[in-house]
**Q** 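Before anything else, here's the structure in question.
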Amino acid sequence: MARCRSGGVAFSVLVHTDMSSPWLTRFGNDAQKRKYLPPIITGEVVCVLGITEPGTGSDMANLTTRAVRNGDHYLLTGSKIFITNGVYGDLYFVAARTGPGTAERRHDGISMFLVERGLSGFTVSRKLDKMGMRASDTAELAFHDCPVPAENLLGVEGRGFQQLASGLQRERIMAGVLALSGATQALEDTMAYIRERHAFDGPLSQKQALRHRVADMATEIEAARCLLYRAAALYNDGKDCITEVSMAKLFATEVANRVAYQAVQLHGGYGYMREFPVSASSAT
Ligand SMILES: Cc1cc2nc3c(=O)[nH]c(=O)nc-3n(C[C@H](O)[C@H](O)[C@H](O)COP(=O)(O)OP(=O)(O)OC[C@H]3O[C@@H](n4cnc5c(N)ncnc54)[C@H](O)[C@@H]3O)c2cc1C
């Protein structure tokens, strides 16, 4: 998927398969799984993860969307931004505050809900226009006293933050894989190009200064691959791997940026033209 040459498509699918629906398999009860998993697996129901808000992103514990119990429903009020698959999605995994946190335990009091498209009081307020990953839809969402059935609480009330945090390693590994894959493609494109392109009496691939740059790109990619494989192996074995996974994601994504820059430069002016796939390597 990561090699499909559209980061937007890969990312949209990834949000469905790895960043939202796994919460259902991990924390959903039998009734929720029976109802939602079959159409999720066939792709009839597209999943969405709604955490980020206009006022808070990295600092997830600070989110302000509220869910207030009202009989057999929770009334959801607040807004979410930068939500992938948000415009065309069907099932939204939404984080909201159901209780107060404390100064010492500000992560408490957040819960997760399964919110179906079409509920009253739930609107897609804006489709956002992005610099890259344009094939994936990104939305701003608004909830106004949106009645979410109480049976759609996912996992334990008040433990949503802890539930979400426990799955971040998988997301980080996948983000690293996307980055590594894009970088590998950009390197392959570049090597093919400089073998064909002639300047000053020979192919660019014979210029030693350029060979050094390609060797540096390949070395960085190999280092990122090793870090990612190690992090993935630890994760597969169920080991504690927050540090290794975070390092692998950080390194792979930064390598992807450096490689994309060099790849565009080595294509000369053609690297800036959309007809060359490498032009998109730093933006898709
Ligand atoms: C294309 C795209 C798709 C997305 N899809 C989703 C989605 O599907 N669901 C969803 O919920 N969210 C999604 N997001 C949101 C994304 O998770 C947030 O943008 C991210 O969490 C950062 O939050 P923020 O944008 O509010 O930045 P902020 O948290 O405001 O951070 C701004 C800058 O400050 C830095 N910073 C923040 N805190 C600290 C600190 N303590 N120390 C040092 N530096 C700090 C950050 O690294 C960043 O550089 C998406 C974003 C994008 C761009």
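Atoms within a ligand are numbered from 1 in the order they appear, just like the ligands themselves. Please read all numbers here as calculations on a predicted model, not as lab measurements.
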**Q** Flag atom 3 (C) of ligand 1 as yes if some protein heavy-atom distance to it falls below 4.0 Å, otherwise no.
**A**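 When distances to the protein are checked, atom 3 (C) of ligand 1 has a heavy atom within 4.0 Å.
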**Q** Mind checking whether T56 has an N or O less than 3.5 Å away from an N or O of ligand 1?
**A** no
**Q** For T138, state whether at least one heavy atom is located under 4.0 Å from any atom of ligand 1.
**A**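 The answer is no: ligand 1 sits nowhere under 4.0 Å from a heavy atom of T138.
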**Q** Are any side-chain N or O atoms of R117 and backbone N or O atoms of G89, one a donor and one an acceptor, separated by less than 3.5 Å?
**A** yes
**Q** Hey, can you tell me if F122 and Y92 have their rings parallel, tilted or perpendicular (30° and 60° cut-offs)?
**A**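 Perpendicular, since the angle between the ring planes exceeds 60°.
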**Q** Kindly say whether D145 contributes a backbone atom to a donor-acceptor pair with the side chain of T77 at under 3.5 angstrom?
**A**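 Answer holds: yes.
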**Q** Just to confirm my output: which protein heavy-atom neighbour is closest to atom 12 (N) of ligand 1, and how far is it?
**A**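 Scanning the protein heavy atoms, the shortest distance from atom 12 (N) of ligand 1 goes to T52 OG1, 2.7 Å.
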**Q** Are more than 12 heavy atoms, taken from residues, nucleotides or ligands other than K80, located less than 6.0 Å from that residue's NZ atom?
**A** yes
**Q** Any nitrogen or oxygen of S58, main chain or side chain, under 3.5 Å from a nitrogen or oxygen of ligand 1?
**A**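 Yes, at least one N or O pair falls under 3.5 Å.
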**Q** Answer yes or no: are there more than 12 heavy-atom neighbours, outside M247 itself, under 6.0 Å from its atom CE?
**A** no
**Q** I want to know if ligand 1 touches M133 in the polar sense, i.e. an N/O pair below 3.5 angstrom.
**A** no
**Q** Could an N or O of ligand 1 be found under 3.5 Å from any N or O of G50, whether backbone or side chain?
**A** no
**Q** Got the closest protein heavy atom to atom 51 (C) of ligand 1, with its distance?
**A**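 It is F82 CB, 3.7 Å.
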**Q** Decide whether an N or O pair under 3.5 Å exists between L49 and ligand 1.
**A** yes
**Q** So does G121 get a backbone contact from the side chain of H144, meaning a donor-acceptor N/O pair under 3.5 Å?
**A** no
**Q** Under 4.0 Å from atom 7 (C) of ligand 1, can you find at least one protein heavy atom?
**A** yes
**Q** If you draw a 6.0 Å radius around CZ in R106, do more than 12 non-hydrogen atoms from other residues or ligands fall strictly inside?
**A** yes
**Q** Is there a protein heavy atom less than 4.0 Å away from atom 45 (C) of ligand 1?
**A**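 False for atom 45 (C) of ligand 1.
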**Q** Sort out for me which residue in R3, R5, R195 forms a salt bridge (charged side-chain N to carboxylate O under 4.0 Å, His left out) with D189.
**A**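 For D189, the salt bridge (charged side-chain N to carboxylate O under 4.0 Å, His left out) test succeeds with only one of R3, R5, R195, which is R5.
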**Q** Can you check whether C4's main-chain N or O pairs, donor with acceptor, with Q185's side chain at less than 3.5 Å?
**A**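 No, Q185 side chain to C4 backbone: no donor-acceptor pair under 3.5 Å.
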**Q** Do the ring planes of H107 and F161 sit parallel (below 30°), tilted (30 to 60°) or perpendicular (above 60°)?
**A** tilted
**Q** Under 4.0 Å and counting heavy atoms only, is there anything from the protein next to atom 39 (C) of ligand 1?
**A** no
**Q** Any luck finding a side-chain donor-acceptor pair between D90 and Y36 under 3.5 Å?
**A**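 No, because no side-chain N or O of D90 sits under 3.5 Å from a partner of the opposite role on Y36.
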**Q** Kindly state if atom 31 (O) of ligand 1 has a protein heavy atom within a strict 4.0 Å cut-off, that is, under 4.0 Å?
**A** yes
**Q** Is there at least one protein heavy-atom neighbour under 4.0 Å from atom 25 (O) of ligand 1?
**A**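 At least one protein heavy atom is under 4.0 Å away.
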**Q** Ignoring hydrogens, tell whether any protein atom lies closer than 4.0 Å to atom 36 (N) of ligand 1; use the non-hydrogen atoms only.
**A**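 No.
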**Q** Could you tell me whether atom 17 (O) of ligand 1 has at least one protein heavy atom nearer than 4.0 Å?
**A**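 Within 4.0 Å of atom 17 (O) of ligand 1, protein heavy atoms are found.
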**Q** Going by the order shown, which atoms of ligand 1 are within less than 4.0 Å of some heavy atom of F11?
**A** 3 (C)
